[in-house]
Amino acid sequence: PTNDSDGDGLTNVEETLGTHSTFPVPFTFPENADSDGDGISDGEELNVPIDTDGFLTDPRSVDTDGDGFDDNYEIANVADGFDPTVDDSSEDPDNDGLDNGIELLIGTDPLKSDSDGDGVDDGQEDLTGTDPLNPDTDFDGLNDGDEITAGTDPFDPDTDFDGFEDGFEVDNAAFGFDPTVDDGAGDFDGDGITNGDEFFITFTNPLKADTDGDGLDDGVEDVNQNGF
């Protein structure tokens, strides 16, 4: 009667018949120390032989309180307000405006207010529609937070519709590019070919007057600006 095949602190009889006084319900597995696979042994869940985590949890359920978070996760994050015996789904420990249940649903980190590190809280991203799991929602090379700072549209890679992505324009602001102003008609390298024509027609560098480095400006080499 004292055999403990899986070494979890519960005898085989206690596991099969549910005769343990703390949790007299059968159906843990005497050959598996962690019947529910939550990373906590059956004995530890029932505080046998000693309580090391401060909680009495269900050795037959990965999620004792049914809030969507595994017992092991909740015990590891007690300092942030989690409790494996209490439904924490309506709590918001990271103060980002999204409760734990919503964060679990959309895949964000309930313990990190800005899951993707783009400078915008998850709650704000959920409200505005940007992706809280992707720092650059429109893939233009400019993080969502930086787009807000720059006054660009985080849903449009080319806010001013000039053919140059916002990230490129911000990175090259020193040359005169502005992601909120159509710079296509400008000629920032002074080679006689507009920025737009360099990008779309001649395929030369709008930031370098002599793209191929042969000593002749692009405008001299391509007088008719047709790319040939």
Side-chain angles (χ1 to χ4, degrees), residues 4 6-10 14-15 18 20-29 32-150 154-155:
D4 178 11
D6 55 12
D8 62 359
L10 298 172
E14 288 175 326
E15 296 215 59
H20 188 270
S21 59
T22 304
F23 202 87
V25 180
F27 230 61
T28 51
F29 300 106
N32 184 349
D34 181 13
S35 295
D36 57 9
D38 63 358
I40 311 170
S41 73
D42 298 339
E44 172 57 27
E45 298 219 51
L46 298 179
N47 301 335
V48 177
I50 187 172
D51 181 14
T52 61
D53 58 34
F55 297 100
L56 175 64
T57 49
D58 187 344
R60 304 163 308 159
S61 173
V62 172
D63 178 15
T64 296
D65 54 16
D67 61 2
F69 295 92
D70 289 357
D71 294 340
N72 207 11
Y73 175 88
E74 298 206 65
I75 289 172
N77 293 289
V78 168
D80 291 295
F82 279 95
D83 183 328
T85 63
V86 175
D87 184 342
D88 305 301
S89 60
S90 62
E91 301 298 321
D92 181 16
D94 59 4
N95 296 310
D96 61 359
L98 299 177
D99 62 40
N100 294 331
I102 295 297
E103 300 230 38
L104 184 67
L105 181 66
I106 66 177
T108 49
D109 188 340
L111 300 178
K112 190 176 180 182
S113 60
D114 179 12
S115 294
D116 58 8
D118 63 358
V120 187
D121 281 356
D122 298 338
Q124 182 65 23
E125 297 215 59
D126 185 62
L127 182 66
T128 60
T130 53
D131 188 347
L133 297 174
N134 178 9
D136 181 10
T137 297
D138 58 6
F139 298 98
D140 62 358
L142 198 60
N143 282 355
D144 297 338
D146 292 334
E147 299 234 32
I148 292 173
T149 301
F155 300 102

Q: Show your reasoning for whether side chain to side chain contact (heavy atoms under 4.5 Å, CB included) applies to Thr130 and Glu147.
A: CA-CA 11 Å; Thr130 53; Glu147 299 234 32; over 6 Å; no

If every non-hydrogen atom of [X] is compared with every non-hydrogen atom of [Y], which pair is closest and at what distance?
X     : Y     : answer
Phe29 : Glu15 : O-OE1, 3.2 Å
Thr64 : Thr57 : OG1-CB, 3.4 Å
Arg60 : Thr28 : CG-CG2, 3.9 Å
Thr85 : Leu56 : CG2-O, 3.5 Å
Ile75 : Ile40 : CD1-CD1, 3.5 Å
Glu45 : Asp36 : OE2-OD2, 3.0 Å

Q. Going by atom types alone, do Asp87 and Ser89 pair a side-chain donor with an acceptor below 3.5 Å?
A. yes

(Q) Can you see whether Ser35 engages Asp42 through a side-chain donor-acceptor pair at a distance of less than 3.5 angstrom? (A) yes

Q.
Quick one, Asn77 with Leu111, criterion side chain to side chain contact (heavy atoms under 4.5 Å, CB included). Give me CA distance, side-chain angles, the key distance, then yes/no.
A. CA-CA 9 Å; Asn77 293 289; Leu111 300 178; 3.1 Å; yes

Under 3.5 Å, which donor-acceptor pairs do the side chains of residues 95-103 form with other protein atoms, sequence neighbours left out?
unit_1, atom_1, unit_2, atom_2, d
Asp96, OD1, Leu98, N, 2.9
Asp99, OD1, Gly101, N, 3.1
Asp99, OD1, Ile102, N, 2.8
Asn100, ND2, Asp88, O, 2.8
Asn100, ND2, Glu91, O, 3.4
Glu103, OE1, Thr108, OG1, 2.6

Roughly how far apart are [X] [atom1] and [Y] [atom2], rounded to 0.5 Å?
X      : Y      : atom1 : atom2 : result
Asp63  : Asp71  : CG    : CG    : 6.0 Å
Asp38  : Glu44  : CG    : CD    : 10.5 Å
Glu125 : Leu127 : CD    : CG    : 11.0 Å
Asp65  : Asp67  : CG    : CG    : 3.5 Å
Leu46  : Phe55  : CG    : CZ    : 15.0 Å
Asp144 : Asp116 : CG    : CG    : 6.5 Å

Q: Answer whether the closest heavy-atom distance between the side chains of Pro110 and Phe69 falls below 4.5 Å.
A: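 Yes. Closest side-chain heavy atoms under 4.5 Å.
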
Check for a donor-acceptor pair, side chain of [X] on one end and backbone N or O of [Y] on the other, with a separation under 3.5 Å.
X      : Y      : result
Asp131 : Leu133 : yes
Asp34  : Gly37  : yes
Asp4   : Gly9   : yes
Asp114 : Gly117 : yes

Q: Could I get the full list of side-chain hydrogen bond (donor to acceptor under 3.5 Å, both in side chains) partners for Asp122, not counting sequence neighbours?
A: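 Checked Asp122 against side-chain hydrogen bond (donor to acceptor under 3.5 Å, both in side chains); matches are Ser115.
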
Q.
Run the side chain to side chain contact (heavy atoms under 4.5 Å, CB included) test on Phe139 and Asn134 for me, step by step, so that the C-alpha distance in whole Å, both residues' side-chain angles and the decisive distance to 0.1 Å come before the verdict.
A. CA-CA 9 Å; Phe139 298 98; Asn134 178 9; 3.2 Å; yes

Q: Go through the steps for Asp136 and Asp118 under the test side chain to side chain contact (heavy atoms under 4.5 Å, CB included), then give the verdict.
A: CA-CA 8 Å; Asp136 181 10; Asp118 63 358; over 6 Å; no

